[in-house]
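We name chains A, B, ... by the order of the sequence lines, and we start the count at 1 in each one. Hydrogens, waters and symmetry mates are skipped; everything else that's a heavy atom, side chains included, is used.
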Number of protein chains: 2
Amino acid sequence: MSRPAKFDRDEALQAAMLIFWEKGYHATSLKDLECALKMKPGSIYSAFCNKENLYLLALGLYVQRSINRFRAHMEQANSPLTGLAEYIRGFARLAPEDVACQVCMLTKTLVDATSTEPKIADQAKIHLGHIRQAFADAFERAKAEGELPDHADCTHLARRFQGTIAALRFELHLGIEQTDIAALAEELAGDVETLRLNAPDHPHLITATSFGVTPT
Amino acid sequence: MSRPAKFDRDEALQAAMLIFWEKGYHATSLKDLECALKMKPGSIYSAFCNKENLYLLALGLYVQRSINRFRAHMEQANSPLTGLAEYIRGFARLAPEDVACQVCMLTKTLVDATSTEPKIADQAKIHLGHIRQAFADAFERAKAEGELPDHADCTHLARRFQGTIAALRFELHLGIEQTDIAALAEELAGDVETLRLNAPDHPHLITATSFGVTPT
DNA sequence: TGAGTTAATGATCGATTACTCAACAACTTT
DNA sequence: AAAGTTGTTGAGTAATCGATCATTAACTCA
(Lines give C-alpha, C1' and ligand atoms only; values in the text may rest on other atoms or scores of the structure.)
Protein backbone atom coordinates (compact mmCIF):
# COMPACT_ATOMS: atom_id res chain seq x y z
CA MET A 1 0.00 0.00 0.00
CA SER A 2 0.87 3.66 -0.49
CA ARG A 3 3.81 5.45 -1.99
CA PRO A 4 7.21 5.13 -0.36
CA ALA A 5 9.15 8.25 0.57
CA LYS A 6 11.70 9.32 -2.01
CA PHE A 7 14.05 11.26 0.24
CA ASP A 8 16.46 9.72 2.69
CA ARG A 9 15.47 10.86 6.15
CA ASP A 10 18.92 10.43 7.67
CA GLU A 11 20.52 12.28 4.80
CA ALA A 12 18.05 15.13 5.12
CA LEU A 13 18.58 15.34 8.88
CA GLN A 14 22.31 15.45 8.40
CA ALA A 15 21.96 18.25 5.87
CA ALA A 16 19.72 20.13 8.28
CA MET A 17 22.23 19.61 11.07
CA LEU A 18 25.05 21.05 8.96
CA ILE A 19 23.23 24.16 7.87
CA PHE A 20 21.76 24.83 11.31
CA TRP A 21 25.19 24.28 12.82
CA GLU A 22 26.71 26.71 10.39
CA LYS A 23 24.15 29.51 10.44
CA GLY A 24 22.34 29.04 13.73
CA TYR A 25 18.61 28.75 14.31
CA HIS A 26 17.51 32.30 13.61
CA ALA A 27 19.72 32.92 10.61
CA THR A 28 18.64 29.73 8.85
CA SER A 29 15.58 30.40 6.73
CA LEU A 30 13.17 27.93 5.21
CA LYS A 31 14.71 28.80 1.87
CA ASP A 32 18.10 27.73 3.19
CA LEU A 33 16.60 24.48 4.38
CA GLU A 34 14.86 23.86 1.05
CA CYS A 35 18.20 24.14 -0.70
CA ALA A 36 20.15 22.11 1.84
CA LEU A 37 17.61 19.28 2.14
CA LYS A 38 16.64 19.44 -1.52
CA MET A 39 13.02 19.32 -0.47
CA LYS A 40 10.07 21.61 -1.11
CA PRO A 41 8.44 23.38 1.84
CA GLY A 42 5.46 21.03 1.86
CA SER A 43 7.66 17.97 2.10
CA ILE A 44 9.74 19.47 4.88
CA TYR A 45 6.69 20.22 6.94
CA SER A 46 5.07 16.84 6.35
CA ALA A 47 8.30 15.11 7.32
CA PHE A 48 9.50 17.26 10.23
CA CYS A 49 6.44 19.18 11.44
CA ASN A 50 8.05 22.60 11.68
CA LYS A 51 11.34 24.45 11.87
CA GLU A 52 11.70 24.13 15.64
CA ASN A 53 11.12 20.40 15.55
CA LEU A 54 13.56 19.97 12.70
CA TYR A 55 16.13 21.84 14.71
CA LEU A 56 15.55 19.62 17.72
CA LEU A 57 15.97 16.53 15.57
CA ALA A 58 19.13 17.89 13.98
CA LEU A 59 20.51 18.73 17.41
CA GLY A 60 19.73 15.21 18.59
CA LEU A 61 21.64 13.78 15.66
CA TYR A 62 24.58 16.03 16.49
CA VAL A 63 24.68 14.87 20.10
CA GLN A 64 24.31 11.22 19.20
CA ARG A 65 27.21 11.46 16.78
CA SER A 66 29.34 13.42 19.22
CA ILE A 67 28.89 10.87 21.99
CA ASN A 68 29.44 7.97 19.62
CA ARG A 69 32.62 9.51 18.33
CA PHE A 70 33.86 10.15 21.85
CA ARG A 71 33.08 6.59 22.97
CA ALA A 72 34.74 5.12 19.88
CA HIS A 73 37.78 7.27 20.50
CA MET A 74 37.98 6.15 24.13
CA GLU A 75 37.71 2.49 23.27
CA GLN A 76 40.84 2.54 21.18
CA ALA A 77 42.84 4.54 23.72
CA ASN A 78 45.65 3.06 25.77
CA SER A 79 44.08 4.25 29.00
CA PRO A 80 41.13 6.45 29.99
CA LEU A 81 43.29 9.43 30.92
CA THR A 82 45.40 9.09 27.80
CA GLY A 83 42.23 8.90 25.76
CA LEU A 84 40.84 12.06 27.35
CA ALA A 85 44.06 13.95 26.73
CA GLU A 86 44.23 12.69 23.18
CA TYR A 87 40.65 13.75 22.64
CA ILE A 88 41.68 17.35 23.32
CA ARG A 89 44.61 17.08 20.93
CA GLY A 90 42.19 15.86 18.29
CA PHE A 91 40.48 19.24 18.07
CA ALA A 92 43.71 20.90 17.02
CA ARG A 93 44.03 18.48 14.12
CA LEU A 94 40.61 18.93 12.55
CA ALA A 95 41.19 22.65 12.37
CA PRO A 96 40.42 24.48 9.17
CA GLU A 97 37.65 22.58 7.38
CA ASP A 98 34.44 24.51 8.05
CA VAL A 99 34.83 27.84 9.76
CA ALA A 100 31.46 27.69 11.42
CA CYS A 101 31.55 24.07 12.56
CA GLN A 102 34.41 24.64 14.95
CA VAL A 103 32.19 25.79 17.75
CA CYS A 104 30.17 23.05 19.40
CA MET A 105 26.63 23.12 18.06
CA LEU A 106 25.25 22.86 21.59
CA THR A 107 27.23 25.88 22.72
CA LYS A 108 26.03 27.79 19.72
CA THR A 109 22.46 26.68 20.34
CA LEU A 110 22.48 27.82 23.94
CA VAL A 111 23.94 31.20 23.08
CA ASP A 112 21.55 31.63 20.18
CA ALA A 113 18.34 30.30 21.67
CA THR A 114 18.29 30.91 25.42
CA SER A 115 16.34 34.14 25.40
CA THR A 116 14.05 33.46 22.44
CA GLU A 117 13.54 29.68 22.07
CA PRO A 118 13.34 28.23 25.56
CA LYS A 119 12.28 24.80 24.33
CA ILE A 120 15.41 24.48 22.22
CA ALA A 121 17.62 25.91 24.95
CA ASP A 122 16.28 23.47 27.53
CA GLN A 123 16.91 20.54 25.23
CA ALA A 124 20.45 21.77 24.59
CA LYS A 125 21.10 21.90 28.32
CA ILE A 126 19.90 18.33 28.68
CA HIS A 127 22.15 17.22 25.83
CA LEU A 128 25.13 19.00 27.36
CA GLY A 129 24.42 17.13 30.58
CA HIS A 130 24.54 13.82 28.72
CA ILE A 131 27.85 14.66 27.13
CA ARG A 132 29.20 15.75 30.46
CA GLN A 133 28.08 12.40 31.85
CA ALA A 134 29.98 10.59 29.11
CA PHE A 135 33.08 12.54 30.16
CA ALA A 136 32.41 11.77 33.82
CA ASP A 137 32.11 8.08 33.01
CA ALA A 138 35.53 8.21 31.38
CA PHE A 139 37.04 9.86 34.45
CA GLU A 140 35.37 7.17 36.60
CA ARG A 141 37.04 4.52 34.48
CA ALA A 142 40.34 6.34 34.97
CA LYS A 143 39.75 6.21 38.69
CA ALA A 144 38.85 2.52 38.57
CA GLU A 145 42.09 1.82 36.75
CA GLY A 146 44.10 3.68 39.36
CA GLU A 147 44.91 6.70 37.23
CA LEU A 148 43.13 9.05 39.58
CA PRO A 149 43.01 9.22 43.37
CA ASP A 150 39.93 7.77 45.06
CA HIS A 151 38.81 11.16 46.24
CA ALA A 152 38.74 12.68 42.75
CA ASP A 153 35.43 14.37 41.91
CA CYS A 154 34.68 12.99 38.46
CA THR A 155 31.63 15.15 37.89
CA HIS A 156 33.71 18.20 38.61
CA LEU A 157 36.53 17.00 36.39
CA ALA A 158 34.03 16.42 33.62
CA ARG A 159 32.79 19.98 33.98
CA ARG A 160 36.31 21.33 33.76
CA PHE A 161 37.03 19.08 30.81
CA GLN A 162 33.95 20.33 28.99
CA GLY A 163 34.89 23.93 29.69
CA THR A 164 38.41 23.33 28.46
CA ILE A 165 37.14 21.94 25.19
CA ALA A 166 34.72 24.80 24.76
CA ALA A 167 37.54 27.29 25.26
CA LEU A 168 39.80 25.47 22.80
CA ARG A 169 37.08 25.30 20.17
CA PHE A 170 36.39 28.97 20.64
CA GLU A 171 40.04 29.69 19.90
CA LEU A 172 39.69 27.55 16.80
CA HIS A 173 36.69 29.62 15.86
CA LEU A 174 38.68 32.79 16.38
CA GLY A 175 41.08 31.52 13.78
CA ILE A 176 44.43 31.70 15.51
CA GLU A 177 47.52 30.17 13.96
CA GLN A 178 47.62 26.43 13.43
CA THR A 179 50.82 26.14 15.44
CA ASP A 180 49.39 28.17 18.31
CA ILE A 181 46.33 25.96 18.37
CA ALA A 182 48.47 22.85 18.47
CA ALA A 183 50.54 24.28 21.31
CA LEU A 184 47.45 25.29 23.24
CA ALA A 185 45.86 21.88 22.74
CA GLU A 186 49.07 20.21 23.81
CA GLU A 187 49.18 22.30 26.95
CA LEU A 188 45.55 21.58 27.80
CA ALA A 189 46.01 17.89 27.10
CA GLY A 190 49.06 17.94 29.32
CA ASP A 191 46.97 19.38 32.13
CA VAL A 192 44.70 16.37 31.89
CA GLU A 193 47.55 13.89 31.94
CA THR A 194 49.10 15.64 34.91
CA LEU A 195 46.17 14.36 36.91
CA ARG A 196 47.63 10.86 36.64
CA LEU A 197 48.74 9.15 39.83
CA ASN A 198 52.04 7.30 40.03
CA ALA A 199 53.21 8.26 36.60
CA PRO A 200 56.88 7.24 36.29
CA ASP A 201 57.84 10.29 34.25
CA HIS A 202 55.34 12.72 35.73
CA PRO A 203 56.10 12.97 39.46
CA HIS A 204 53.88 15.09 41.63
CA LEU A 205 56.47 17.76 41.79
CA ILE A 206 55.40 20.33 39.29
CA THR A 207 55.81 24.02 38.86
CA ALA A 208 53.29 26.35 37.46
CA THR A 209 54.73 28.23 34.53
CA SER A 210 51.63 28.65 32.49
CA PHE A 211 48.01 28.47 33.43
CA GLY A 212 47.62 24.84 33.89
CA VAL A 213 50.52 22.87 35.13
CA THR A 214 53.71 21.89 33.41
CA PRO A 215 55.73 18.96 34.69
CA THR A 216 59.41 19.58 35.31
CA MET B 1 20.08 76.95 14.55
CA SER B 2 17.81 73.98 14.07
CA ARG B 3 15.97 71.74 16.44
CA PRO B 4 18.00 69.88 19.07
CA ALA B 5 17.64 66.13 19.38
CA LYS B 6 15.15 65.00 21.98
CA PHE B 7 16.60 61.57 22.73
CA ASP B 8 19.77 60.91 24.70
CA ARG B 9 22.22 59.19 22.40
CA ASP B 10 24.16 57.45 25.15
CA GLU B 11 20.97 56.24 26.77
CA ALA B 12 19.69 54.89 23.47
CA LEU B 13 22.97 53.13 22.74
CA GLN B 14 22.94 51.55 26.16
CA ALA B 15 19.39 50.31 25.60
CA ALA B 16 20.41 48.92 22.22
CA MET B 17 23.39 47.22 23.78
CA LEU B 18 21.23 45.53 26.39
CA ILE B 19 18.62 44.19 24.01
CA PHE B 20 21.20 43.07 21.43
CA TRP B 21 23.19 41.43 24.21
CA GLU B 22 20.13 39.62 25.43
CA LYS B 23 18.60 38.47 22.13
CA GLY B 24 21.48 38.48 19.72
CA TYR B 25 21.69 40.21 16.35
CA HIS B 26 19.32 38.07 14.30
CA ALA B 27 16.65 37.62 16.95
CA THR B 28 16.43 41.35 17.67
CA SER B 29 13.89 42.96 15.38
CA LEU B 30 13.39 46.60 14.61
CA LYS B 31 10.20 46.39 16.65
CA ASP B 32 12.27 45.26 19.63
CA LEU B 33 14.62 48.17 19.11
CA GLU B 34 11.76 50.66 18.78
CA CYS B 35 10.48 49.55 22.18
CA ALA B 36 13.87 49.44 23.84
CA LEU B 37 15.11 52.78 22.52
CA LYS B 38 11.67 54.39 22.72
CA MET B 39 12.26 55.75 19.25
CA LYS B 40 10.29 55.43 16.01
CA PRO B 41 11.90 53.69 13.05
CA GLY B 42 12.62 56.92 11.24
CA SER B 43 14.47 58.37 14.20
CA ILE B 44 16.50 55.21 14.66
CA TYR B 45 17.59 55.24 11.05
CA SER B 46 18.40 58.93 11.01
CA ALA B 47 20.45 58.55 14.17
CA PHE B 48 22.18 55.20 13.60
CA CYS B 49 22.01 54.57 9.84
CA ASN B 50 20.89 50.94 10.00
CA LYS B 51 20.63 47.88 12.19
CA GLU B 52 24.13 46.64 11.49
CA ASN B 53 25.68 49.99 12.32
CA LEU B 54 23.64 50.27 15.49
CA TYR B 55 24.89 46.84 16.50
CA LEU B 56 28.49 47.84 15.87
CA LEU B 57 28.03 50.96 18.00
CA ALA B 58 26.38 48.97 20.78
CA LEU B 59 29.20 46.44 20.67
CA GLY B 60 31.74 49.24 20.87
CA LEU B 61 30.02 50.61 23.96
CA TYR B 62 30.09 47.14 25.50
CA VAL B 63 33.81 46.76 24.92
CA GLN B 64 34.63 50.24 26.16
CA ARG B 65 32.72 49.58 29.38
CA SER B 66 34.26 46.15 29.82
CA ILE B 67 37.79 47.44 29.50
CA ASN B 68 37.06 50.43 31.75
CA ARG B 69 35.60 48.15 34.40
CA PHE B 70 38.58 45.83 34.20
CA ARG B 71 41.07 48.69 34.46
CA ALA B 72 39.19 50.23 37.37
CA HIS B 73 39.15 46.88 39.11
CA MET B 74 42.87 46.39 38.58
CA GLU B 75 43.73 49.84 39.92
CA GLN B 76 42.24 49.11 43.30
CA ALA B 77 43.82 45.68 43.57
CA ASN B 78 46.66 44.89 45.97
CA SER B 79 48.78 43.48 43.17
CA PRO B 80 48.32 42.65 39.47
CA LEU B 81 48.04 38.92 40.04
CA THR B 82 45.67 39.34 42.97
CA GLY B 83 43.58 41.66 40.84
CA LEU B 84 43.39 39.15 38.00
CA ALA B 85 42.37 36.36 40.37
CA GLU B 86 39.82 38.57 42.06
CA TYR B 87 38.43 39.53 38.67
CA ILE B 88 37.54 35.90 38.09
CA ARG B 89 35.89 35.62 41.49
CA GLY B 90 33.81 38.67 40.62
CA PHE B 91 31.89 36.75 37.94
CA ALA B 92 30.60 34.31 40.52
CA ARG B 93 29.17 37.17 42.57
CA LEU B 94 27.17 38.91 39.86
CA ALA B 95 25.38 35.68 39.11
CA PRO B 96 21.64 35.66 38.71
CA GLU B 97 20.57 39.09 37.49
CA ASP B 98 19.96 38.75 33.76
CA VAL B 99 19.97 35.27 32.35
CA ALA B 100 21.12 36.34 28.95
CA CYS B 101 23.78 38.83 29.98
CA GLN B 102 25.99 36.21 31.59
CA VAL B 103 27.67 35.28 28.37
CA CYS B 104 30.14 37.83 27.06
CA MET B 105 28.50 39.86 24.31
CA LEU B 106 31.58 39.44 22.12
CA THR B 107 31.46 35.67 22.45
CA LYS B 108 27.79 35.73 21.62
CA THR B 109 28.41 38.01 18.67
CA LEU B 110 31.08 35.80 17.19
CA VAL B 111 28.98 32.68 17.53
CA ASP B 112 25.93 34.43 16.15
CA ALA B 113 27.45 36.43 13.34
CA THR B 114 30.47 34.63 11.92
CA SER B 115 28.74 32.88 9.06
CA THR B 116 26.17 35.53 8.16
CA GLU B 117 27.51 38.96 9.17
CA PRO B 118 31.23 39.00 8.47
CA LYS B 119 31.58 42.72 9.12
CA ILE B 120 30.23 42.33 12.64
CA ALA B 121 32.25 39.19 13.27
CA ASP B 122 35.47 40.86 12.17
CA GLN B 123 34.84 43.79 14.46
CA ALA B 124 34.16 41.42 17.35
CA LYS B 125 37.46 39.70 16.76
CA ILE B 126 39.26 43.02 16.86
CA HIS B 127 37.51 43.93 20.10
CA LEU B 128 38.42 40.58 21.64
CA GLY B 129 42.00 41.28 20.72
CA HIS B 130 41.88 44.60 22.56
CA ILE B 131 40.47 42.99 25.68
CA ARG B 132 43.11 40.30 25.49
CA GLN B 133 45.71 43.04 25.26
CA ALA B 134 44.33 44.62 28.42
CA PHE B 135 44.74 41.26 30.13
CA ALA B 136 48.23 40.87 28.72
CA ASP B 137 49.15 44.33 30.03
CA ALA B 138 48.06 43.25 33.48
CA PHE B 139 50.21 40.13 33.28
CA GLU B 140 53.11 42.30 32.13
CA ARG B 141 52.66 44.47 35.21
CA ALA B 142 52.65 41.32 37.30
CA LYS B 143 55.93 40.36 35.71
CA ALA B 144 57.39 43.84 36.28
CA GLU B 145 56.49 43.59 39.95
CA GLY B 146 58.18 40.22 40.24
CA GLU B 147 55.04 38.15 40.54
CA LEU B 148 55.83 36.18 37.40
CA PRO B 149 59.09 34.74 36.10
CA ASP B 150 60.87 36.70 33.40
CA HIS B 151 60.24 34.03 30.83
CA ALA B 152 56.44 34.08 31.28
CA ASP B 153 54.55 34.49 28.01
CA CYS B 154 52.06 37.19 28.88
CA THR B 155 50.20 37.01 25.58
CA HIS B 156 49.72 33.33 26.11
CA LEU B 157 48.64 33.84 29.71
CA ALA B 158 46.14 36.43 28.54
CA ARG B 159 44.71 33.96 26.06
CA ARG B 160 44.32 31.33 28.75
CA PHE B 161 42.82 33.91 31.09
CA GLN B 162 40.28 34.93 28.48
CA GLY B 163 39.37 31.33 27.80
CA THR B 164 38.98 30.65 31.50
CA ILE B 165 36.57 33.53 31.88
CA ALA B 166 34.60 32.44 28.83
CA ALA B 167 34.25 28.95 30.27
CA LEU B 168 33.18 30.29 33.66
CA ARG B 169 30.60 32.60 32.14
CA PHE B 170 29.27 29.76 30.05
CA GLU B 171 28.71 27.77 33.24
CA LEU B 172 26.90 30.78 34.65
CA HIS B 173 24.77 30.80 31.54
CA LEU B 174 24.03 27.11 32.00
CA GLY B 175 22.61 27.98 35.36
CA ILE B 176 24.48 25.71 37.71
CA GLU B 177 24.16 26.10 41.47
CA GLN B 178 25.41 29.29 43.06
CA THR B 179 27.68 27.33 45.39
CA ASP B 180 29.13 25.33 42.51
CA ILE B 181 29.83 28.52 40.59
CA ALA B 182 31.56 30.04 43.58
CA ALA B 183 33.68 26.91 44.04
CA LEU B 184 34.56 26.82 40.35
CA ALA B 185 35.46 30.50 40.32
CA GLU B 186 37.57 30.03 43.44
CA GLU B 187 39.41 27.16 41.83
CA LEU B 188 40.05 29.08 38.63
CA ALA B 189 41.15 32.15 40.57
CA GLY B 190 43.47 29.91 42.57
CA ASP B 191 45.04 28.68 39.34
CA VAL B 192 45.93 32.27 38.52
CA GLU B 193 47.43 32.97 41.92
CA THR B 194 49.45 29.79 41.74
CA LEU B 195 51.45 31.45 39.00
CA ARG B 196 52.95 33.72 41.65
CA LEU B 197 56.67 33.48 42.26
CA ASN B 198 58.12 33.40 45.76
CA ALA B 199 54.79 33.33 47.52
CA PRO B 200 55.48 32.56 51.18
CA ASP B 201 52.43 30.34 51.60
CA HIS B 202 52.33 28.97 48.07
CA PRO B 203 55.55 27.10 47.51
CA HIS B 204 56.24 25.62 44.11
CA LEU B 205 55.49 22.20 45.42
CA ILE B 206 51.96 21.46 44.36
CA THR B 207 49.93 18.43 43.53
CA ALA B 208 47.31 18.20 40.88
CA THR B 209 44.03 17.06 42.35
CA SER B 210 41.71 18.86 40.03
CA PHE B 211 42.21 20.33 36.64
CA GLY B 212 44.21 23.30 37.48
CA VAL B 213 46.55 23.14 40.37
CA THR B 214 45.83 23.12 44.07
CA PRO B 215 48.50 24.13 46.53
CA THR B 216 49.22 21.71 49.35
C1' DT C 1 -5.51 -2.78 -14.69
C1' DG C 2 -7.92 -0.03 -11.45
C1' DA C 3 -8.78 1.25 -6.72
C1' DG C 4 -6.64 2.96 -2.71
C1' DT C 5 -3.09 5.37 -0.34
C1' DT C 6 0.35 8.53 0.48
C1' DA C 7 4.40 11.41 -0.92
C1' DA C 8 5.68 15.62 -3.54
C1' DT C 9 4.71 19.91 -5.31
C1' DG C 10 4.76 24.97 -5.40
C1' DA C 11 1.59 28.73 -5.53
C1' DT C 12 0.00 31.14 -1.91
C1' DC C 13 -1.08 32.63 2.89
C1' DG C 14 -0.90 36.35 6.49
C1' DA C 15 2.67 38.09 9.35
C1' DT C 16 6.87 40.15 9.89
C1' DT C 17 11.25 41.83 8.19
C1' DA C 18 14.49 45.94 7.58
C1' DC C 19 13.85 50.22 5.93
C1' DT C 20 11.92 54.89 3.64
C1' DC C 21 9.87 59.30 3.15
C1' DA C 22 6.61 63.05 2.87
C1' DA C 23 4.44 65.61 6.25
C1' DC C 24 4.81 67.83 10.47
C1' DA C 25 6.87 69.77 14.83
C1' DA C 26 10.21 72.27 17.44
C1' DC C 27 13.83 74.78 17.91
C1' DT C 28 17.39 78.88 16.56
C1' DT C 29 18.46 82.87 14.30
C1' DT C 30 17.46 87.12 12.12
C1' DA D 1 7.31 87.11 14.44
C1' DA D 2 9.07 85.18 10.27
C1' DA D 3 12.39 82.40 8.04
C1' DG D 4 15.36 78.65 8.15
C1' DT D 5 16.90 74.25 9.73
C1' DT D 6 16.60 69.90 11.53
C1' DG D 7 14.44 66.25 14.51
C1' DT D 8 10.24 63.30 14.82
C1' DT D 9 6.64 60.78 13.12
C1' DG D 10 4.23 56.52 11.51
C1' DA D 11 1.99 54.92 7.54
C1' DG D 12 3.87 52.57 4.01
C1' DT D 13 7.49 50.05 0.93
C1' DA D 14 9.07 45.56 -1.17
C1' DA D 15 10.94 41.51 0.34
C1' DT D 16 11.06 37.68 3.06
C1' DC D 17 9.49 35.02 6.91
C1' DG D 18 7.45 30.35 8.53
C1' DA D 19 3.74 27.67 7.22
C1' DT D 20 -0.42 25.70 4.48
C1' DC D 21 -3.08 23.00 1.24
C1' DA D 22 -5.43 21.73 -3.00
C1' DT D 23 -3.55 19.32 -6.57
C1' DT D 24 -0.76 16.03 -8.83
C1' DA D 25 2.42 12.11 -9.07
C1' DA D 26 3.93 7.56 -7.72
C1' DC D 27 3.60 3.69 -5.61
C1' DT D 28 1.07 -1.05 -3.64
C1' DC D 29 -2.24 -4.31 -3.49
C1' DA D 30 -6.32 -6.72 -5.09
Side-chain angles (χ1 to χ4, degrees), chain A residues 1-59 109 112-113 115-121 123, chain B residues 1-59 109 112-113 115-121 123:
Chain A
M1 62 170 186
S2 92
R3 174 186 180 181
K6 193 179 71 182
F7 76 97
D8 184 315
R9 193 163 220 271
D10 292 343
E11 229 170 76
L13 261 181
Q14 154 139 338
M17 180 191 85
L18 288 176
I19 187 113
F20 273 136
W21 190 1
E22 183 195 331
K23 309 188 89 173
Y25 182 76
H26 291 109
T28 303
S29 70
L30 253 291
K31 190 126 289 187
D32 293 328
L33 289 168
E34 288 168 36
C35 295
L37 310 204
K38 285 166 202 151
M39 292 169 71
K40 309 298 167 199
S43 305
I44 294 177
Y45 278 84
S46 84
F48 302 111
C49 185
N50 56 33
K51 188 185 172 185
E52 183 191 69
N53 190 250
L54 177 55
Y55 193 90
L56 289 172
L57 291 171
L59 197 64
T109 299
D112 198 63
S115 64
T116 50
E117 316 287 335
K119 206 164 155 185
I120 291 177
Q123 192 59 51
Chain B
M1 63 172 183
S2 92
R3 175 184 180 180
K6 195 178 71 181
F7 75 96
D8 183 314
R9 194 162 218 272
D10 292 343
E11 228 169 77
L13 262 182
Q14 154 139 339
M17 179 191 86
L18 289 175
I19 188 118
F20 274 136
W21 190 2
E22 182 193 332
K23 309 187 91 174
Y25 182 75
H26 291 108
T28 303
S29 70
L30 254 291
K31 190 126 288 188
D32 293 328
L33 289 169
E34 289 169 36
C35 295
L37 309 205
K38 286 167 200 149
M39 292 169 73
K40 308 300 167 197
S43 302
I44 295 177
Y45 277 83
S46 85
F48 302 112
C49 186
N50 56 32
K51 187 185 170 184
E52 184 191 68
N53 189 251
L54 178 54
Y55 193 90
L56 289 172
L57 291 171
L59 197 64
T109 299
D112 197 65
S115 64
T116 50
E117 316 287 335
K119 206 164 155 186
I120 291 178
Q123 192 58 52

Euclidean distance, atom CD of residue A/Glu34 to atom P of D/dG18 [Å, nearest integer]: 9 Å

For B/Lys38 and D/dG10, what is the distance between atoms NZ and P respectively, to the nearest whole Å? 16 Å

Working to the nearest 0.5 angstrom, can you tell me the gap between B/Ile44 CD1 and B/Leu33 CG? 5.5 Å

In Å and rounded to the nearest 0.5 Å, what is the CD to CE distance from A/Glu11 to A/Met39? 11.0 Å

When A/Asp32 and A/Cys49 are each assigned the nearest nucleotide of DNA chain D, the 5'-most assignment goes to A/Asp32

Measure from CG on B/Asn53 to P on C/dA18 and round the result to the nearest Å. 15 Å

Closest heavy-atom pair and its distance - A/Gly24, A/Asp112: C-OD2, 4.2 Å

Counting side-chain heavy atoms from C-beta on, which of C/dT17, C/dA11, D/dT9 comes nearest to A/Pro41? C/dA11

Quick one: B/His26 NE2 to D/dC17 P, roughly how many Å, whole number? 11 Å

Measure CG/A/Asp8 against P/C/dA7 and give the value in whole Å, please. 15 Å

Classify the angle between the aromatic ring planes of B/Tyr25 and B/Phe20 as parallel (below 30°), tilted (30 to 60°) or perpendicular (above 60°). parallel

Is there a side-chain polar atom (N or O) of B/Tyr45 under 4.0 Å from OP1 or OP2 of C/dC19? yes

With a 4.0 Å limit, can you tell me whether B/Ser43 has a side-chain N or O closer than that to the phosphate oxygens OP1/OP2 of D/dT9? yes

Could you tell me whether A/Ser29 contacts a base, only the sugar-phosphate backbone, or nothing, with contacts defined as non-hydrogen atoms closer than 4.0 Å? sugar-phosphate

Closer than 4.0 Å, any side-chain N/O of A/Lys40 to the OP1 or OP2 of C/dA8? no

Can you measure B/Leu37 atom CG to D/dT9 atom C1' for me and round it to whole angstrom units? 15 Å

Do the side chains of B/Leu37 and B/Leu13 get nearer than 4.5 Å, heavy atoms only? no

Here the distance between atom C1' of C/dT17 and atom NZ of A/Lys31, to the nearest Å, is 15 Å

CZ of B/Phe7 versus P of C/dC27: gap in Å, rounded? 15 Å

Short side-chain N/O contact to D/dG7 OP1/OP2 from B/Lys6, under 4.0 Å: no

